[in-house]
S.K.: 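Could you have a look at this structure, given as structure tokens, before my questions?
All values below come from the heavy atoms of this structure, side chains included, with hydrogens, waters and symmetry mates left out. Start at 1 with the first residue, then count along the sequence.
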Amino acid sequence: MSSRRATFWRALVALAVVGVSLYVALTTPARLGLDLRGGTRIVLETRDSPTVRADAAATDRALEVLRRRVDGLGVAEPSLVRSGERRIVVELPGVQDPRRAAEVIGRTAQLTFHSVTGATAGPAGGPATDGSRVLADPDTPGAHLRLGPPALTGDGVEDAEAVFDTRSGLGWTVDLTFRGGAADAWARLTGEAACAAPSDPARRVAMVLDDRIVSAPGMQSSVACRAGITGGAAQVTGGFSAGEARDLAALVKGGALPVPVATVEQSTVGPTLGAEAIRASALAAVIGLVCTGVFIVVVYRLLGLLAALALGLYGLLSYAAVVALGATLTLPGLAGFVLAIGIAVDANVLVFERAREEYTRPGAGSRGAARDLRHPLRTGFTKAWSAVADSNVTTLLAAGLLFVFATGPVKGFGVTLAIGVLASMVSAMLITRLLAEWAVSRRCVARRPALTGMATTGRLRARLVRRPPRLMRHRRRWLGVCAGLVVLAVGGIGVRGLEFGVEFTGGRVTQYTAERLVDADAARAAVVDAGFPHAVVQTTGDNDVSVRTQETGEDEQRRIREALTRVAGAVTVERDDRIGPSLGSELRTYALLALGLAIGAQLLYLSVRFRWTFAAAAVVAMAHDVLLVVGLFAWWGKPVDSVFLAALLTVVGYSVNDTVVVLDRLRELRRTGTSAGWAELADRAVAQTMPRTVNTGMGALFVLVALAFLGGDSLTDFAVALLAGVVAGMASTVFTAMPVTVLLQERFPKRSRDGEPSDGDRAARSRDRHGAVV
């Protein structure tokens, strides 16, 4: 009865979770990042002014000013958030002109209104001791106006609007509305100017924005002396274009920034590139899901079919969780979704392999009892839970570090990876369990146990279990081979060096789409002739040209575009990333810190869950895998950027995931009270978990190969790094982690309460010394 009650509640929870997820998925739109829908992302850093320190409070005030400016630009669904004490992240969907956006939102924009005291032919100058200043006259080239002290500031402006004036023929103007006392101050200022003679420069009122006169209109004859312009309104003229008028209105309406700001990062993605990324990632996900589903159906038959159905529901749960939390879905985030498919498969494989072992275990019961499919299935879920929990926690640690230390799209990868891990546990341990238990309780299935996939183990598995390979006999030899591979990888880092991406070094990378195919040498020569001899120019077969330079301004970028146009026809900017050197150094430090903390966190967690010798072996294998992947990229000359960091931290989680499963089996075998040596137990653990390692690895490889071929330039390196990491992780578990575990256990046996080695460890060391290995 208790079993039926537990099944009932599990079914109720599963139905509720799936129902809510379906409702959320159908009613809540996904929030796409700029790398998927196109737009501009700008990271601003506040700086100290002579009078104001750029602390969190000043940054918050600057954020509100910027928010009003962005609203004035008319950008749909902008996003402005403070990051840390001094940083503001601005995302402007649909904005493809980063120069204009950065110029408008980043200017100090101090608007002041001055009386004009005279005209002069002298040069412009700053404020004098009496508060006056000389600035260029916008209406007369070469002429300058002497201005009095500010009579009114932009703080008194209540509203500013760009208007096309059709009645007076002035074209685009900016209409201002003053608030409260500012309206009276405006009337006094214009009233004093109206008292001057028509030809006297003093009849003009100057409107100054950031030390530049944007408009200096003269008072018309209709403006009465001393009375001035009443009603609290003014009109700024200056022959503006529509864009200039809107920008000026946005600046004035937003007000002045309390502290200066500087652009430390800027990224622009074209809408075409984002749409292509969505299409490629979706296609990779579908292909990966289909191939993985077909594979587990072939291996596990009916149980595999039910797991494939649960895998589809995993996708629904993950997507619903992301949109419900309001998380931004980025390109690396899509990769996190696709990657978590492999994690979801792993939990199912662990359970099914355990159920197979229980069903075919010698002495499991009478023939009739052995054919009771429900008992081995439940035992499989119970025994697999420890390995599932440990392996998923290690991946969650890596995802959490990505969220804390990464920025931008890679932070989204950490979020979606964590959601995917949690959703995979729900789909495997709840939904798959319900479906499987329901299926095996059917009479038609019970009469055909081979249909479930539990009754067959395969020749390879039977041979491995019956006669495990004696791998640990040569443990020092395997460690020597692994050490040689590490030396080769480190040699690549030392000889070739690491090609750090623009995120870690600072600079600018612009990706163009050319009108016609261009040779890499021709493109490189054109950029060098334009005055950039140290630029890194790369081309692909689909008319894409990538140019990496040190930090450059818009004039330099215009010269590069013109140079490429001469050899490749018209070029279109698809992506433009610019990062300041200070931010690049900071991100590089955070990357090393995240990697170090990942290793430390894994060591701490595994030391709690296992003995410290097991944890040390897992960390050694993980470091081995990380060095191999980094060395591969060094020899290959691929960039090490934030997306690579995401891949590397995922490799950390995957490596420990695989090792934990075998260590968990080793610990289980040790707890049976056997007197077998550690080398023998390690061989048994490897043999018994080998089917799970291969089947899980195949599930991950299907997804990663699909990403490598279909994910586009931005995801190909990511997929290749993970492919290398997964393959290295599968090998290092057997040839690094297990030999290290055996050697450490022999060197540091577990002590009994009296300080002597325990009886089991003493017997194990004796048997290992005499070579008693099955």
Side-chain angles (χ1 to χ4, degrees), residues 386-387 390-391 394 464-487 599 602-603 605-628 655-694 728-752 756-774:
S386 175
D390 287 333
S391 59
T394 56
L464 287 173
V465 173
R466 185 175 63 254
R467 190 173 182 180
R470 302 165 68 177
L471 296 173
M472 294 306 108
R473 167 182 286 185
H474 308 291
R475 48 187 176 272
R476 287 182 172 80
R477 181 181 302 172
W478 299 129
L479 288 176
V481 173
C482 294
L485 291 175
V486 170
V487 170
I599 296 176
Q602 307 282 8
L603 179 61
Y605 176 77
L606 294 174
S607 297
V608 173
R609 291 291 292 146
F610 300 92
R611 192 165 180 251
W612 72 266
T613 52
F614 284 33
V619 170
V620 169
M622 176 216 311
H624 165 272
D625 299 339
V626 168
L627 287 174
L628 289 188
S655 175
V656 177
N657 183 321
D658 196 68
T659 304
V660 159
V661 172
V662 185
L663 290 176
D664 187 77
R665 182 60 62 91
L666 178 61
R667 179 177 60 180
E668 181 182 326
L669 292 173
R670 186 65 180 170
R671 286 175 175 174
T672 60
T674 179
S675 60
W678 282 106
E680 178 183 350
L681 292 178
D683 284 336
R684 290 183 190 175
V686 169
Q688 292 176 12
T689 57
M690 185 63 70
R692 171 263 162 198
T693 300
V694 173
M730 294 167 62
S732 67
T733 296
V734 178
F735 300 110
T736 304
M738 289 299 104
V740 171
T741 300
V742 172
L743 290 175
L744 288 178
Q745 285 296 144
E746 292 174 351
R747 179 66 179 84
F748 303 99
K750 188 175 182 179
R751 300 284 174 176
S752 60
E756 293 297 323
S758 64
D759 291 340
D761 275 341
R762 189 181 295 110
R765 294 177 67 183
S766 176
R767 290 173 64 83
D768 285 339
R769 210 168 27 247
H770 292 86
V773 181
V774 176

S.K.: Going from CD on Q745 to CG on L681, what distance comes out if it is rounded to the nearest 0.5 angstrom?
M.R.: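 If I round to the nearest 0.5 Å, the distance is 10.0 Å.
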S.K.: Does W478 use its side chain to pair, donor to acceptor, with the backbone of P739 at less than 3.5 Å?
M.R.: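 Checking the backbone N and O of P739 against the side chain of W478, no donor-acceptor pair under 3.5 Å is found.
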S.K.: Indicate the atoms forming the closest heavy-atom contact of A737 with A617, along with that distance.
M.R.: O-CB, 3.4 Å
S.K.: Using only atom types and a distance under 3.5 Å, with no angle test, would you say the side chain of D683 pairs donor to acceptor with the backbone of M472?
M.R.: yes
S.K.: If you round to the nearest 0.5 Å, how far is CE of M730 from OG of S655?
M.R.: 12.0 Å
S.K.: Could you measure the distance from the CZ atom of R684 to the CZ atom of R670? Nearest 0.5 Å is fine.
M.R.: 11.0 Å
S.K.: Looking at residues at least two apart in the chain, or sitting in another chain, which of them share a side-chain hydrogen bond (donor to acceptor under 3.5 Å, both in side chains) with T736?
M.R.: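 Residues passing side-chain hydrogen bond (donor to acceptor under 3.5 Å, both in side chains) with T736: none at all.
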S.K.: Within the structure provided, determine whether L743 and L479 are in side-chain contact (heavy-atom separation under 4.5 Å).
M.R.: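 A side-chain contact exists here, since the closest heavy-atom pair is under 4.5 Å.
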S.K.: Which residues pass the ring-ring contact (aromatic ring centres under 6.0 Å, His included) test with Y605, not counting sequence neighbours?
M.R.: none
S.K.: Shortest non-hydrogen contact from L666 to A682?
M.R.: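 L666 and A682 have their closest heavy atoms at CD1-N, 3.7 Å.
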S.K.: Just how far is it from atom CZ of F735 to atom NE2 of H624, taken to the nearest 0.5 Å?
M.R.: 10.5 Å
S.K.: Working to the nearest 0.5 angstrom, can you tell me the gap between L485 CG and D625 CG?
M.R.: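 The CG atom of L485 sits 11.0 Å away from the CG atom of D625.
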S.K.: Does T659 have any side-chain hydrogen bond (donor to acceptor under 3.5 Å, both in side chains) partners at least two apart in sequence or in another chain, and if so, which?
M.R.: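 T659: side-chain hydrogen bond (donor to acceptor under 3.5 Å, both in side chains) contacts with T733.
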S.K.: Give me the atom names and distance for the closest heavy-atom approach of A687 to P691.
M.R.: O-CD, 3.7 Å
S.K.: I need the single residue from T741, V734, T689 that forms a side-chain contact (heavy atoms from CB on, under 4.5 Å) with V662. Which is it?
M.R.: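 Considering T741, V734, T689, a side-chain contact (heavy atoms from CB on, under 4.5 Å) with V662 is found only for T689.
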S.K.: List the steps and the verdict of side chain to side chain contact (heavy atoms under 4.5 Å, CB included) for R667 and D664.
M.R.: CA-CA 5 Å; R667 179 177 60 180; D664 187 77; 2.9 Å; yes
S.K.: Can you label the angle between the F610 ring and the F614 ring as parallel, tilted or perpendicular, going by 30° and 60°?
M.R.: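 It falls in the parallel class, under 30°.
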S.K.: Check whether any side-chain heavy atom of R475 lies under 4.5 Å from a side-chain heavy atom of E746, and answer yes or no.
M.R.: yes
S.K.: Quick one, M738 with V686, criterion side chain to side chain contact (heavy atoms under 4.5 Å, CB included). Give me CA distance, side-chain angles, the key distance, then yes/no.
M.R.: CA-CA 8 Å; M738 289 299 104; V686 169; 3.7 Å; yes
S.K.: Indicate yes or no: at least one non-hydrogen side-chain atom of R609 is less than 4.5 angstrom from one of V660.
M.R.: no
